[in-house]
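Here is the structure we will look at, set down as structure tokens.
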There are 2 protein chains.
Amino acid sequence: MINQQGRKQRRSKAHSSGPARLKDIAQDLGLSTVTISKVLRGHPDIGEETRARVLKRMKELNYQPNFAARALITGRTWTIGLVVPDLLHPFFALVAKAISADIRGQGYSLIITSSEDDPELEREEIGQLLARRVDAMVIASAQHDTDSFRRIEEQQIPYILIDRRIENLQANFIGVDDEAVGLLATRHLIEQGCQRIAHIRGAGTSTAAGRMKGYKRALATHRQPQPPGYVVPVGISGDDRGSSGGYAAMEKLLSLKQRPDGVFCFNDPVAMGAMHAILDAGLRIPEDIAVVGCGNLIYSDFLRVPLTSVDQDSAAIGKSAADLALSLVGKKEPPRTKTELMSPKLVVRASSLRK
Amino acid sequence: MINQQGRKQRRSKAHSSGPARLKDIAQDLGLSTVTISKVLRGHPDIGEETRARVLKRMKELNYQPNFAARALITGRTWTIGLVVPDLLHPFFALVAKAISADIRGQGYSLIITSSEDDPELEREEIGQLLARRVDAMVIASAQHDTDSFRRIEEQQIPYILIDRRIENLQANFIGVDDEAVGLLATRHLIEQGCQRIAHIRGAGTSTAAGRMKGYKRALATHRQPQPPGYVVPVGISGDDRGSSGGYAAMEKLLSLKQRPDGVFCFNDPVAMGAMHAILDAGLRIPEDIAVVGCGNLIYSDFLRVPLTSVDQDSAAIGKSAADLALSLVGKKEPPRTKTELMSPKLVVRASSLRK
DNA sequence: TGTCTTACAGTTATCGATAACTGCAATTCA
DNA sequence: TGAATTGCAGTTATCGATAACTGTAAGACA
């Protein structure tokens, strides 16, 4: 008896509180919920007149299907997960924007998490996304091992690595051809007449390794000297990264007997730090030392000396990743892992322009 | 018959594909699903031994509750929606990071959407979040009218405006005291000995209006002149905003008979543009014209001339918004709208340091 | 010794949608 | 003209969990 009361209350709710449900529309129109559902999905079963009536009522009631209910029965959440090391970094912010824009029109939403470059945190975040049964994941990872990704594979959720690869992991990857990045930047410095080119390298990521490889190849190809001490890493820990790391690294380079006359920096913040160090030492950019950064961050135009930088089209990476992710949703066995390498391009500004 | 086959297949799935369900654990252990559910929720009904057995099996199967199923019955999605005008903007990126970090530990995930400052797009995004039944929303809005928010209120979903207010809308708000921002910046310029202080103002938002009000009040209080033409707006359309807008606005100010000797800029990108214009005109900063920006974006340190800027603690805003949002989740009638104004603080750098 | 608690676990209905079938009338085809 | 098809809508079972009751045995208490 009490139970029946309960049910009646529930039903009467239809027109008072809470969003409209299929059932409400059905009752209003004297149809079954299935019919309404079919209209919603554009099922051919439904006649023109009925369809019109239903659509009209849906508008009036401002009906919005319940994602949870739909997800439960269809097994799709219409949600994509994105894991980045740092949302504040313009590269990742741009990627996030691009993905968001790309999937928006297709009914997907984006859950974004920032791992703060902490592998442990990232593991947890991936776990959360798994628990939420996102339809696909896009990850710029701070991991060093593969078990997080094995878990994703177990659940048969498609995922795409961007920007950074993982060793010993066969997975979809979209990013920049980092060796080409190093090649492009270094070759440019050579063309500008630099004779002793140093490199401030990043640490830990595949990205850093690739860029250094390109740097070395360019030097070798053009028979340029590679003096000892000309490759300096920026610290991997918090304070020593980014621009302050670049500053410290540059100081080391400046203290060498043979000072370099060109520097290729792992990324733009590092390059900014390096430039500070150079200017603080009373040297000129680019006359004494030419500087090339990487990332072409939007604020490159506003530095003391506008910074030449290798541009990686982050929007394109985001869009590609999103497209690939969506194309993989729902497929049982992903066809084959796909690797897409974007070619970088150089944006030349004053910091390296000697001629 | 066929039906039964279907069911059997479904059940046998338990140990082959797909994530483990409550039912799988229950069957394994010869218990009912309800018992497992109770263990999951820490219900006191369950005995120690049983609880331990269940927990052990949950670990082994790597069990993760299905959010969709749970959301359907409990009415909570454990999801917060965030709408910002531009994820690329460090202010919003920082807010997003702070919210994400704050809610992470409490089992919530964050759906982030970027409206590109387009009211129409924002409306759609809010609609999406409503359809997904997020538990609460945090919005930095580009809207001019209130109907989107009425819709949110109808669904009884708590929401919090940040950074920008909406006219005629009584809602939770967390942001910076913009009048104090204008006051602080302008007073600082006065203290630095500026005699003719101009303002490059933003357009359209409550933020812009508040900052200008503070600027004017500071001038009035200190009996400073307010010559005509000393308040210049940056364009509201795409190309004329940000730094290029600041450049154009500064050019106007430079062409006045009485050139200003101090400028308070609506935000840092605008200030960067203004500084470019000043330097390009062969003038010195701060000797000829002192510049103060707003936002204290992380790259302020790397400009041609380090920029004095009013800092708004975006992380604090994000955390406050997240805390308020979570505290409001599930409450039928929100107690009363709350307004929290953070006090800004000035970060002085070379661009305004005359003494 | 019989009733009342207490501790512990199970039953049943439900959340809001969809998939897979099942009708039933009108139409088409042989 | 009877059988098969088509168009259109309804029935039923289900997705994976939780809320609200309903037992049942062991121990407490009078």
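Keep in mind that what you see is a predicted model, and the values were worked out from it rather than measured. Letters A, B, ... are given to chains in the order of the sequence lines, protein chains preceding strands, and every chain is numbered from 1.
Nearest-nucleotide mapping onto DNA chain D: of B/V34 and B/A68, the residue sitting toward the 5' end is B/A68. Take the nearest nucleotide of DNA chain C for B/I46 and for B/L72: the residue whose nucleotide is more 5' is B/I46.
A straight line from CD1 of A/I36 to P of C/dA17 spans 11 Å, rounded to a whole angstrom. When rounded to the nearest whole Å, the span between CZ of A/F67 and C1' of C/dT18 equals 15 Å. The interatomic distance linking A/L22 (CG) with D/dC15 (C1') rounds to 15 Å, in whole Å. Per the geometry, CD belonging to B/E49 stands 14 Å off C1' belonging to C/dA7, to the nearest Å. Rounded to an integer number of Å, the gap from CD1 of A/I25 to P of C/dT18 is 11 Å. The nearest whole Å value for the distance from the NE2 atom in B/H43 to the C1' atom in D/dC21 is 12 Å. Between B/W78 atom CH2 and D/dA17 atom P there is a gap of 16 Å when expressed in whole angstrom units. Computed from coordinates, the B/R21 CZ to D/dT18 P distance equals 15 Å when rounded to whole Å.
Under 4.0 Å is where a charged nitrogen must lie from a carboxylate oxygen, and between B/R51 and B/E48 at least one such pair does. In summary, A/D145 and A/R123 engage in a salt bridge, as defined by a charged side-chain N under 4.0 Å from a carboxylate O. Residues A/D147 and A/R151 are not paired through a salt bridge, judged by the lack of any N-O separation under 4.0 Å between the basic side chain and the carboxylate. The pair A/D117-A/R164 meets the salt-bridge criterion, with a side-chain N (NZ, NE, NH1 or NH2) lying under 4.0 Å from an Asp/Glu carboxylate O.
Considering only the side chain of B/T74, D/dA19 comes nearest among D/dA19, C/dA19, D/dA17. The side chain of B/L31 sits closest to C/dG10 out of C/dG10, D/dA19, D/dG10. Closest approach to the A/K38 side chain among C/dC21, C/dA17, D/dA17 is made by C/dC21 (side chain taken as heavy atoms from C-beta onward). Which of D/dT18, C/dA9, C/dT18 sits closest to the side chain of B/D45 comes down to C/dA9.
Nucleic acid contact for B/N66: sugar-phosphate only, since backbone atoms but no base atoms lie under 4.0 Å from a heavy atom of the residue. Counting any heavy atom pair closer than 4.0 Å across all strands shown, A/T35 reaches sugar-phosphate atoms only and no base atom.
At the phosphate of C/dG16, neither OP1 nor OP2 sits under 4.0 Å from any side-chain N or O atom of A/Y63. Here B/T50 reaches the OP1 or OP2 of C/dA9: one of its side-chain N or O atoms lies under 4.0 Å away. Put simply, A/S37 has a side-chain N or O that comes within less than 4.0 Å of OP1 or OP2 on C/dT18. Side-chain nitrogen and oxygen atoms of A/R51 include none within less than 4.0 Å of the OP1 or OP2 phosphate oxygen of D/dC8.
With values rounded to the nearest 0.5 angstrom, A/I157 atom CD1 is found 5.0 Å from A/L130 atom CG. To the nearest 0.5 angstrom, B/R70 atom CZ is 8.0 Å from B/S37 atom OG.
Without hydrogens or angle criteria, A/K331 side chain to A/S327 main chain gives a donor-acceptor distance under 3.5 Å. Put simply, the side chain of B/D135 gets close to the backbone of B/T77: a donor and an acceptor are under 3.5 Å apart.
Note that the two end axes of the helix from C/dT1-D/dA30 to C/dA30-D/dT1 enclose an angle of 50°, each drawn from 5 base pairs, rounded to 10 degrees.
In the region residues 124-133 of chain A, proximity to DNA chain D at under 4.0 angstrom, judged on heavy atoms, holds for none of the residues.
Qualifying salt bridge (charged side-chain N to carboxylate O under 4.0 Å, His left out) partners for A/R104, counting only residues two or more places apart in sequence or in other chains: B/E125.
When each of A/V39, A/D24, A/L29 is checked for a side chain to side chain contact (heavy atoms under 4.5 Å, CB included) with A/R57, only A/L29 meets the rule.
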